[in-house]
Amino acid sequence: MNIPVELNVLWGRDDNVKNFPELGLGLNLVSIKDGYVLGPSDQVLKYTSKFAKIAIIRAGFRHQKPRGGFMYRVGLLIPIVQDDYSKQRVGDDVFYRIYGGISLGWSF
């Protein structure tokens, strides 16, 4: 399970503008299985789950109507900091990647 929490800023807000550059800062909570027990055919029988925390920067583009309605955005997610639990379980190779993202939604 992955829970992203972000704070975003739009530039160029005007009554007639539909396209915006967007910049954001966020915290990504990633559920990682810990303390699991494997069965005879390598299936996971029992486990506990803990959230790893990864801070990200989002740089992207947003299209939305001036009066609200359907909107979409595309962007790049750049990891900047991770907690010790995340480093221990998945290593720091997560920081050698840039991830893409797409969002669909409704603005008002």
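The basis for the numbers below is simple: all heavy atoms, side chains too, and nothing from hydrogens, waters or symmetry mates.
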Practice task
Check whether any side-chain heavy atom of L77 lies under 4.5 Å from a side-chain heavy atom of E6, and answer yes or no.
Solution key: yes
Exercise for the section: Would you check if I80 and L25 make a side-chain contact, meaning some heavy-atom pair closer than 4.5 Å? Expected result: yes
Handout entry: Any I32 side-chain heavy atom under 4.5 Å of F51 side chain
Key = no
Handout entry: Any side-chain heavy-atom pair of I56 and I78 under 4.5 Å
Key = no
Problem - Value rounded to 0.5 Å, distance of CG in D84 from NZ in K53 - result: 10.0 Å
Handout entry: F61 side chain reached by R73 side chain, heavy atoms, under 4.5 Å
Key = no
Exercise for the section: Show the numbers, then the answer: is there a side-chain contact (heavy atoms from CB on, under 4.5 Å) between N2 and L29? Expected result: CA-CA 6 Å; N2 188 2; L29 302 173; 5.8 Å; no
Practice task
Any chance you could measure Q82, atom CD, to I54, atom CD1, to the nearest 0.5 Å?
Solution key: 5.5 Å
Handout entry: Backbone of G69 reached by a side-chain donor or acceptor of S107 within 3.5 Å
Key = yes
Handout entry: Neighbour count >12 (heavy atoms, 6.0 Å) for atom CG, L7
Key = no
Problem - Straight-line distance of W106 CH2 to Q64 CD, nearest 0.5 Å - result: 11.5 Å
Handout entry: R62 side chain reached by M71 side chain, heavy atoms, under 4.5 Å
Key = yes
Practice task
Decide yes or no for R58 and L23: does some side-chain heavy atom of the first lie under 4.5 Å from some side-chain heavy atom of the second?
Solution key: no
